Number of protein chains: 2
Amino acid sequence: METENKKILLVEDDPNFGTVLKDYLAMNEYEVTHAKNGMEGFEKFKKDDFDLCILDVMMPYKDGFTLAKEIREKNEEIPIIFLTAKAMKEDVLKGYKVGADDYLNKPFDSEVLLMKIKAIMQRKATDSVADSKQFEFEIGDFHLNSKLRFLTFGDEEPQKLSPKENELLRLLALHENDLMPRELALTKIWRDDNYFTSRSMDVYIAKLRKYLKKDENVEILNIHGEGFRLVVKNKEEEKA
Amino acid sequence: METENKKILLVEDDPNFGTVLKDYLAMNEYEVTHAKNGMEGFEKFKKDDFDLCILDVMMPYKDGFTLAKEIREKNEEIPIIFLTAKAMKEDVLKGYKVGADDYLNKPFDSEVLLMKIKAIMQRKATDSVADSKQFEFEIGDFHLNSKLRFLTFGDEEPQKLSPKENELLRLLALHENDLMPRELALTKIWRDDNYFTSRSMDVYIAKLRKYLKKDENVEILNIHGEGFRLVVKNKEEEKA
DNA sequence: TTTCTCTGTTAACATTTGGTTAAACCGGTT
DNA sequence: AACCGGTTTAACCAAATGTTAACAGAGAAA
């Protein structure tokens, strides 16, 4: 799970070239989404979280530059590489103005593209503060640090959590006192919803219950056929 | 504050081309230092603080790649653009491995170069704001001088660190008590993230642990599948 | 009830990742 | 050529994590 593969949005109208390029990138551990034109490209861009965009310049409906501008409005960080058949200087300049990270003339060597991608990703790896996810939770007397995968009870030694334990507890915490649907955890954590993953999840629920029973006010309830619920009772709301 | 013009180190052996390029850049508000070969380039690099390097690849005495490597040892951040007459794929790849930011084939359009320079400067401007050069750290009873690559424990003789040891410890220190993702170290220090670099990194973690065990309050913990954590326990926060 | 499905738990197992040591490698010197 | 510091690769073991099986128990429905 370390370093989930980087996601690339490839927008290229030539179906042959596009497919070949997609396959090549896929072979190199990138997860590629291929859109056939600018419109489709923008739709897909909005629907997912990409690490890099590769845009053909000349495309029907919406050219690469226009698309790039729209993408930049949504995300001013994401690296963009332009592909173009003609080596027109104006285009290159225009590309850089729109905030291109690099520029390649077709035909180009695929290895070169690969290196460029690597170089760019590396550059971005530095700053990218990443998504402002929520990583810390108070659960009764517990404190969950989801980034370090620690569950701390009072002032005791932190309990280490495995990635799955951690993700699962985090999901439950995000839905504290509410239903956390089975299916949600399965698709988000196990990325698959079937008999076995479901059983596996139950195993993890058991593990979490074991950790959580230190605080009697915290428990994970099952909602038959639906999912689970992380309940936190407040001891006595307040006493005068 | 930032009123001074950006400084560029231009290393190019062709006197005509070099001079023309220098003048052109100068006209565009850059302060250019022109060196005629790799040796001279490195000397000038050491003597001044540049914002960007433009290196010809083919040069007498010391070619652009070798020079780039030396420059990278001194400064892993500074943007480097290579110029080359021949468009050999191997060269391009080599360039990116050495940490090139961009690559231009001669003859090229000077405006394009200008845009590339702008684009790169912009990247760097937004990029490493947080990554402000910090070279000294207190780690428990240790003092790390990352510039001199010394690790000093109390008043003992300083322990010399190799470049990799040093970089790795520095990265850990920058993230003290927090997660330092594997991937970060691999891309920043090893410039590649694969099985072997990863194993290599583990070897270095082992070396660092050996150095650090002089202070029992300092340790490097692993977060399985994520990375490492440099933990510094404070002996007794306070005693009444 | 009976029966079926869903859940809880434990333990065995398989797989992946990390720790450590030693040997190989490499570019630069002696 | 032998050496040297630094780094990488190999090899082996240990620890961490995840999956599956097996079975007991609960819940729902007939």
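Letters go in sequence order (proteins before strands), and every chain restarts at 1. In this text the structure is predicted, and so the values were computed from the model without any measurement. Atoms considered below: every heavy atom in the structure, side chains included; atoms not considered: hydrogens, waters and symmetry mates.
The interatomic distance linking B:Q159 (CD) with D:dG6 (C1') rounds to 14 Å, in whole Å. For the pair A:Y195 OH and C:dC4 C1', the interatomic distance rounds to 14 Å; values are reported in whole Å. The distance between atom CZ of B:R199 and atom C1' of C:dG19, rounded to the nearest whole Å, is 8 Å. Atom CG in B:N194 sits roughly 10 Å away from atom P in D:dT8 (whole-Å rounding). Atom NZ in B:K160 sits about 14 Å away from atom P in D:dT7, given to the nearest Å. To the nearest angstrom, P of D:dA11 lies 10 Å from CZ of B:F196. For A:L186 and C:dT7, the CG to P distance is 10 Å, given to the nearest whole Å. Per the geometry, CG belonging to A:D193 stands 14 Å off C1' belonging to C:dC6, to the nearest Å.
If you check every strand for non-hydrogen atoms under 4.0 Å, B:F228 touches sugar and phosphate atoms only. Residue B:R209 is in sugar-phosphate contact alone, with no base atom involved, counting any heavy-atom pair closer than 4.0 Å across all strands shown.
With 3.5 Å as the limit, one finds no donor-acceptor pair spanning the side chains of B:D193 and B:T187. Looking at A:H143 and A:E136, their side chains do bring a donor and an acceptor atom within 3.5 Å of each other.
OP1 and OP2 of C:dT17 both lie 4.0 Å or more from every side-chain N or O belonging to B:S198. Residue B:W190 has a polar side-chain atom (N or O) positioned under 4.0 Å from OP1 or OP2 of D:dT8.
Position along DNA chain C of the nearest nucleotide to A:K210 versus A:E226 favours A:E226 as the more 5'-ward residue. Sequence order on DNA chain D of the closest nucleotides to A:E165 and B:E165 puts B:E165 first from the 5' end. Position along DNA chain D of the nearest nucleotide to A:T197 versus A:R149 favours A:R149 as the more 5'-ward residue.
A salt bridge links B:D192 with A:K118: the distance from a Lys NZ or Arg NE/NH1/NH2 to an Asp or Glu carboxylate oxygen falls below 4.0 Å. Salt-bridge check for B:D178 with A:K147: passed, with a basic side-chain N closer than 4.0 Å to an acidic carboxylate O.
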What's the verdict on side chain to side chain contact (heavy atoms under 4.5 Å, CB included) for B:I54 and B:I117, showing C-alpha distance, side-chain angles and the deciding distance?
CA-CA 9 Å; B:I54 300 177; B:I117 291 176; 4.0 Å; yes
Do nucleotides 24-30 of chain D as a string where each nucleotide becomes B, S or -: B if the base has a protein heavy atom under 4.0 Å, S if just the sugar-phosphate does, - if no protein is that close.
---S---
List the atom pairs, donor and acceptor, that lie under 3.5 Å between side-chain atoms in residues 199-206 of chain B and the rest of the protein, sequence neighbours left out.
{"unit_1": "B:R199", "atom_1": "NE", "unit_2": "B:D202", "atom_2": "OD2", "d": "3.2"}
{"unit_1": "B:R199", "atom_1": "NH2", "unit_2": "B:D202", "atom_2": "OD2", "d": "3.4"}
{"unit_1": "B:D202", "atom_1": "OD1", "unit_2": "B:R182", "atom_2": "NH2", "d": "2.6"}
{"unit_1": "B:D202", "atom_1": "OD2", "unit_2": "B:R182", "atom_2": "NH2", "d": "3.0"}

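A donor-acceptor pair is defined here as one N or O able to donate and one able to accept, closer than 3.5 Å; such a pair exists between the side chain of B:D51 and the backbone of B:K7.
You won't find any donor-acceptor pair under 3.5 Å spanning the side chain of B:R182 and the base of C:dG18, going by distance alone.
The aromatic ring centroids of B:F82 and B:F65 lie less than 6.0 Å from each other.
The side chain of A:N222 sits closest to C:dT7 out of C:dT20, D:dT7, C:dT7.
Applying a 4.0 Å cut-off to non-hydrogen atoms, the residues of residues 200-208 of chain B that approach DNA chain C are B:D202, B:V203, B:A206, listed by residue number.
A:E219 pairs in a side chain to side chain donor-acceptor pair (under 3.5 Å) with only one of the listed residues (A:R209, A:K233, A:R229, A:K213), which is A:K233.
Taking the six-membered ring where the residue is Trp, B:F45 and B:F50 present parallel rings, their angle staying beneath 30° rather than reaching 60°.
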